[in-house]
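Just so it is clear, the values below take in all heavy atoms, side chains as well, and ignore hydrogens, waters and symmetry mates.
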Amino acid sequence: MNFRLTRASCVLAGLLGASSAPALAAQADGPQFETTVKPFLTKNCFGCHNSQLKTAGVDFTQYKTSATAEASPDIWEKAIEKLRQSAMPPPPLPRLKQADVDMAITWMEAAVAQADANVRPDPGRVTAHRLNRVEYDNTVRDLLGVDIHPSADFPQDDSGYGFDNIGDVLTLSPVLMERYMNAAGKLVKTAVHGPEQLKPVLVRHQPTTREFELFPKAKESYDTTGLSMPNALHTTHLFPVDGEYTMRVALEGRRPAASEPVAIGIWLDGKQVQTLRIDGRFDGSSIDLFGAQAEFRTRVPAGEHWLAASVLKVYEGLPPSYGGPNPSKQPEPPTPDPAGFMKVTPGATPEQVAEARQKAEQKIKKQHVPANRVVVHYVEVVGPYNQRTAPYEAARKLIFVCGHRDEHKAACPKRILAHFARRAFRRPVSSADLQPYLDLYAQARQQGSSFDDS
């Protein structure tokens, strides 16, 4: 039997709050050791395991009291194993009475369990867990009330076992520390004084190649918003500041000749903010929409927003022959005559003429434009324009919690720092925790800095 496992089982029972471990521990008191175990050892074990012989390196005579005996659980584990195997005392000595053996084992097991219960295990070193990029952005947003995603400039997070939030994997390089310092300065400046003036930039959102089923006729039941259709484009865009942005949508695909212009819906955070009408170029057989685009400008608050562009009512505005609702009122071109596509040599047999006609009809059929062959190719966001540079009121309220807008009282610095530190450290803070920061504030004030900057 594995008595190390027996020892662990006793500990587990004690941890689970059962009654077995306390009961065993109660049996390991002084009088019981003196009245049962010590006489048992004296009679059966001292002959070999004494201070002179020390057979197997064991001297039972050194255990005078229960306190000294309980201090050696490893010895009792070995003794339990030998007694259960009837290996002690060794042959040819007579076997011990089972009742005496059971009493001794009961005390020994209780002593081992009590020793394990008294152990204070060392869990080892705990890794200092830094935030990954997503956690960092979320944390500073909650602390300062600004959503500018500074981690976009950070190095890529290390990952292990498919996760990028394991403390032992997330290292802190000198480059990352430098980016932390730069981000901190930008974050505080934005929260206290407002965002810096930015130059307009263009960001294009373009999905990978999409494949979906094309239908020769209009569908009767479908999502008229187009948001759940494969023709749409969904993305998230980080608008760095509150300002005006130009949204530009480009299409690809074709529409049947005599179709109405395509209606494109622009959605921001699930709300349709604009409808754009886009027409293509008629190339003699269909309307070519490759590269056709339209744009508009709107004001968007700072932060990350869900942006989508969809084809509205894709099966409307088609020629009547497509069978869709609200068909186009433009005159539909006649169906091409197969004779214009036939190549028949003089003297051809009727079979050859029929074959040529069949090929011509197949060619005309291939030129038939599907009812849903129009796709949002990409969406471009250009900006910001007319940027808002004033401080964010919500951010200032989150930081300057003392309640005094311009004339701050003497207690304000400590109150502001205590509020911020408690949320940043995620625990209560003491005066000793705050003192280094109060010293920095006082030093900055002495050097002429404003209250906000200090």
Minimum side-chain heavy-atom gap [X]-[Y] below 4.5 Å:
X: Ile266; Y: Leu307; answer: yes
X: Leu289; Y: Val262; answer: yes
X: Val169; Y: Phe163; answer: no

Regarding [X] and [Y], does a basic nitrogen lie under 4.0 Å from an acidic carboxylate oxygen?
X: Glu316; Y: Lys329; result: no
X: Asp142; Y: Arg423; result: no
X: Arg255; Y: Asp279; result: no
X: Arg130; Y: Asp157; result: yes
X: Arg427; Y: Asp433; result: yes

Can you check whether [Y]'s main-chain N or O pairs, donor with acceptor, with [X]'s side chain at less than 3.5 Å?
X: Arg210; Y: Val375; value: no
X: Gln330; Y: Glu260; value: no
X: Glu109; Y: Trp76; value: no
X: Asn118; Y: Gln114; value: yes
X: Lys189; Y: Pro195; value: no
X: Asp137; Y: Ser151; value: yes
X: Lys217; Y: Ser321; value: yes
X: Ser173; Y: Leu176; value: yes
X: Glu81; Y: Lys78; value: no
X: Arg373; Y: Glu252; value: no

With a distance cut-off below 6.0 Å to the six-membered ring centre and an angular limit of 45° from the axis, does Lys397 pair with Phe400 as a cation-pi contact?
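Verdict for Phe400: no cation-pi partner in Lys397.
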
Under the 6.0 Å and 45° cation-pi test, does Arg445 pair with Phe451?
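The answer is no, since Arg445 fails at least one limit relative to Phe451.
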
Parallel, tilted or perpendicular, judged at 30° and 60°: which one describes the rings of Phe60 and Tyr63?
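Rings of Phe60 and Tyr63: tilted, as their planes differ by 30° to 60°.
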
Does a donor on one side chain and an acceptor on the other come within less than 3.5 Å for [X] and [Y]?
X: Asp223; Y: Thr225; value: yes
X: His305; Y: Asp269; value: yes
X: Asn138; Y: Arg141; value: yes
X: His129; Y: Asp168; value: no
X: Thr275; Y: Gln272; value: yes
X: Tyr245; Y: Thr298; value: no
X: Asn231; Y: Ser310; value: no

Pick out which of Val374, Asn372, Thr224 makes a side chain to side chain contact (heavy atoms under 4.5 Å, CB included) with Val311.
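Of all the options given, the one that passes is Val374.
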
Would Met229 and Val314 count as a side chain to side chain contact (heavy atoms under 4.5 Å, CB included) here? Give the steps.
CA-CA 10 Å; Met229 306 282 279; Val314 66; 4.1 Å; yes

Could you list the residues that satisfy ring-ring contact (aromatic ring centres under 6.0 Å, His included) with Tyr437, not counting sequence neighbours?
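ring-ring contact (aromatic ring centres under 6.0 Å, His included) check on Tyr437 returns nothing, list empty.
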
Can you confirm whether or not the ring centre of [X] sits under 6.0 Å from the ring centre of [Y]?
X: His205; Y: Tyr378; value: no
X: Trp267; Y: Trp306; value: no
X: Tyr322; Y: Tyr315; value: no

Minimum heavy-atom distance between [X] and [Y], given as atom pair plus value:
X: Pro200; Y: Pro384; answer: CG-O, 3.4 Å
X: Val379; Y: Leu233; answer: CG2-CD2, 4.0 Å
X: Ser259; Y: Ile287; answer: O-CD1, 3.8 Å
X: Ala418; Y: Val429; answer: O-CG2, 4.0 Å

If you count heavy atoms of other groups shown closer than 6.0 angstrom to CD of Glu220, is the number above 12?
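Atom CD in Glu220 is not packed in, count stays at 12 or less.
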
Check whether more than 12 heavy atoms from other residues, nucleotides or ligands sit under 6.0 Å from atom CZ of Arg297, and answer yes or no.
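Counting neighbours around CZ of Arg297, more than 12 heavy atoms of other residues, nucleotides or ligands fall under 6.0 Å, so yes.
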
So, taking the atom named [atom1] in [X] and the one named [atom2] in [Y], what distance separates them when rounded to the nearest 0.5 Å?
X: Gln443; Y: Ser454; atom1: CD; atom2: OG; value: 10.0 Å
X: Ile278; Y: Leu251; atom1: CD1; atom2: CG; value: 4.0 Å
X: Gln387; Y: Glu244; atom1: CD; atom2: CD; value: 11.5 Å
X: Arg133; Y: Asp153; atom1: CZ; atom2: CG; value: 10.0 Å
X: Phe296; Y: Leu276; atom1: CZ; atom2: CG; value: 6.0 Å
X: Tyr392; Y: Asp147; atom1: OH; atom2: CG; value: 9.5 Å

What do the steps show when you test Asp158 against Asp164 for side chain to side chain contact (heavy atoms under 4.5 Å, CB included), and what is the final call?
CA-CA 6 Å; Asp158 298 319; Asp164 64 355; over 6 Å; no

As a quick check of understanding, evaluate side chain to side chain contact (heavy atoms under 4.5 Å, CB included) for Ile105 and Arg84, giving each step before the final call.
CA-CA 9 Å; Ile105 289 178; Arg84 289 196 183 279; 3.3 Å; yes

Take Met177 and Asn182 through the test side chain to side chain contact (heavy atoms under 4.5 Å, CB included) and record every step on the way to the result.
CA-CA 9 Å; Met177 180 58 72; Asn182 294 338; over 6 Å; no

